[in-house]
Novice: 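Dropping the structure in here first, questions after.
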Amino acid sequence: MDCKYNFIYESHKATAEFFIFASMIDYDFSLKLIKWYSENKRDLPWRETKSPYKIWISEIILQQTKVDQGLPYYLKFVKKFPNVHDLAKANENIVLKLWQGLGYYSRARNLHYSSKYISESLNGEFPKNYVELIKLKGVGKYTASAIASFAFNEKKAVLDGNVFRVLSRYFGIEDPIDTTRGVKIFENIAFENLPKKNINTYNQSVMEFGALQCRPINPLCNSCPLTSNCWALNNNKTVSLPIKSKKIIKKERFFNFLVLKSEKFIFLEKRIKNDIWKNMYQFPLFEEPIESFSPPEELIKGSILSRKIEVTHLLTHQKLNVVFWEYEKKKLFLNKKYEKIEIKNLNKYAVPKIVENYINQNLSNHRL
DNA sequence: AACGCGGGGGT
DNA sequence: ACCCCAGCGTT
């Protein structure tokens, strides 16, 4: 069969709403993937449990994050917070501290927020189906489908980056994966091709297959069990699929961190605005071009500039030009804008990676 | 519908 | 330099 779908039925209702139906079913697709999975899957701890709590933790950690990067964080989390009540009782800074270095910190904030909701409003009773799961903050379509199918055997198709790639290549879907219209097409095909049974195993299979075999770059088509019906392979399009319509633009910013310290104390501030690293801590920040920056006189009065360390920090959407201005002072007075803390307690505060790096490289002699 | 949100790793 | 990753919430 030729898996390229050649026609899409489109219809307009009187409301002018736009509906898209695309039909393309291959009954061997899921069976072959499940077989491939049984022979090639990795041993991962969240596959050994039916605990919706632990599966939830793993799914949040793995959002936009590769298994290798997320695995140590998962192990730390379930050890520190064995159940939802332990997580709910924790202070947010503790949760963020455990998340430190993993990025997308709203995941940690929402995880903590939702744990309190489950612990307090639901009496610890974890939501048991898709409709209830998706009400949790931080749980969208993908994560609700994953938990519902993995923990409760609900018939839901997961649709993540891996699945988009596998479906687009195998079925030859050239609609973009990042538009509402494209997503609907993929949702339909994903659901149509669910197997009759073993939904949870199939969902694991298609994602694992995307991660290990049908990789974004240099997919392993030579050893692939799906080549006979793969549209992309047979039409020489594996390189260009899936298709994304948007491209990212990188903004440049200039951060001046004022590392104002005495022998024992240092100033910190909490990031509270809706920006990167919300609710995490940093040294007093002055965001302006390096050339024009000079620290407020009242802050550095009676101190000397001991070091000036320049670093660039790349995020997905931003290029940060960072300077740590290190000022030494005999005595640090209280300041209403900043928290005066002991340097040896710095490691209790959740900080962005760039600040963590600075601390490790320059303040580690303070026995953190 | 468009945008913002981290950090790491691969090519 | 650019892409991708078990996506989601906000506007």
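Numbered from 1 within each chain, the chains take letters A, B, ... in sequence-line order.
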Novice: Give the residues of residues 236-246 of chain A touching DNA chain C, defined as any heavy atom closer than 4.0 Å, sorted by residue number.
Specialist: A:Lys244
Novice: Mind checking what makes side chain to side chain donor-acceptor pair (under 3.5 Å) contact with A:Ser58, not counting sequence neighbours?
Specialist: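 Side chain to side chain donor-acceptor pair (under 3.5 Å) check on A:Ser58 returns nothing, list empty.
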Novice: Using nucleotides 9-11 of chain C, report all nitrogen or oxygen pairs with the protein that are shorter than 3.5 Å.
Specialist:
from	atom 1	to	atom 2	distance (Å)
C:dG9	OP1	A:Gly138	N	2.4
C:dG9	OP1	A:Val139	N	3.4

Novice: Cut-off 3.5 Å, no hydrogens considered: what does the side-chain donor-acceptor table look like for residues 314-321 of chain A, sequence neighbours left out?
Specialist:
from	atom 1	to	atom 2	distance (Å)
A:Gln318	OE1	A:Arg253	NH1	2.9
A:Asn321	ND2	A:Glu252	OE2	2.9
A:Asn321	ND2	A:Arg253	O	3.2

Novice: In whole angstroms, how far is the C1' atom of B:dG8 from the CG atom of A:Leu102?
Specialist: 10 Å
Novice: For DNA chain C, what residues of residues 145-161 of chain A have any heavy atom nearer than 4.0 Å?
Specialist: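 The answer is A:Asp160, A:Gly161.
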Novice: When you check the phosphate oxygens OP1 and OP2 of C:dC5, does a side-chain N or O of A:Tyr104 lie under 4.0 Å from one of them?
Specialist: no
Novice: Check DNA chain C against residues 197-218 of chain A and give the residues with a non-hydrogen atom under 4.0 Å, in numerical order.
Specialist: A:Gln204, A:Met207, A:Pro216
Novice: In a table with atom names and distances, give each donor-acceptor pair under 3.5 Å that connects a side chain of residues 201-215 of chain A to protein atoms at least two apart or in another chain.
Specialist:
from	atom 1	to	atom 2	distance (Å)
A:Asn203	OD1	A:Val158	N	3.3
A:Asn203	ND2	A:Ser149	OG	3.1
A:Asn203	ND2	A:Lys156	O	2.8
A:Gln204	OE1	A:Arg47	NE	3.1
A:Ser205	OG	A:Thr201	O	2.6
A:Glu208	OE1	A:Arg42	NE	3.4
A:Glu208	OE1	A:Arg42	NH2	2.7
A:Glu208	OE1	A:Arg47	NH2	2.9
A:Glu208	OE2	A:Arg42	N	2.9
A:Glu208	OE2	A:Arg42	NE	2.9
A:Glu208	OE2	A:Arg47	NH1	3.3
A:Gln213	OE1	A:Trp36	NE1	3.0
A:Gln213	NE2	A:Leu220	O	2.8
A:Gln213	NE2	A:Ser223	O	3.3
A:Gln213	NE2	A:Ser223	OG	2.9
A:Arg215	NE	A:Asn218	O	3.3
A:Arg215	NH2	A:Asn218	O	2.9

Novice: Identify, with sequence neighbours excluded, every residue that meets salt bridge (Lys or Arg N to Asp or Glu O under 4.0 Å) alongside A:Glu120.
Specialist: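 A:Glu120: no salt bridge (Lys or Arg N to Asp or Glu O under 4.0 Å) contacts found.
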Novice: Check salt bridge (Lys or Arg N to Asp or Glu O under 4.0 Å) between A:Glu269 and all other residues, then give those that pass, not counting sequence neighbours.
Specialist: none
Novice: Quick check on contacts: within residues 42-49 of chain A, what sits under 4.0 Å from DNA chain C by heavy-atom distance?
Specialist: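 Those residues whose heavy atoms fall under 4.0 Å from DNA chain C, taken from residues 42-49 of chain A in numerical order, are A:Trp46, A:Arg47.
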Novice: Could you give the side-chain donor-acceptor pairs of residues 133-141 of chain A under 3.5 Å, partners two or more places apart or in another chain?
Specialist:
from	atom 1	to	atom 2	distance (Å)
A:Lys135	NZ	A:Glu132	OE1	3.4
A:Lys135	NZ	A:Glu132	OE2	3.2
A:Lys141	NZ	A:Glu187	OE2	2.8

Novice: Reading DNA chain B 5' to 3', how would its secondary structure be written in dot-bracket notation, given Watson-Crick and G-U pairs with both distances under 3.5 Å, brackets [ ] for crossing pairs and | for partners on other strands?
Specialist: |||||.|||||
Novice: Rounded off to whole Å, could you give me the CD1-to-P distance for the A:Ile354 and B:dG6 pair?
Specialist: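 Taking atom P of B:dG6 as the reference, CD1 of A:Ile354 is at 14 Å.
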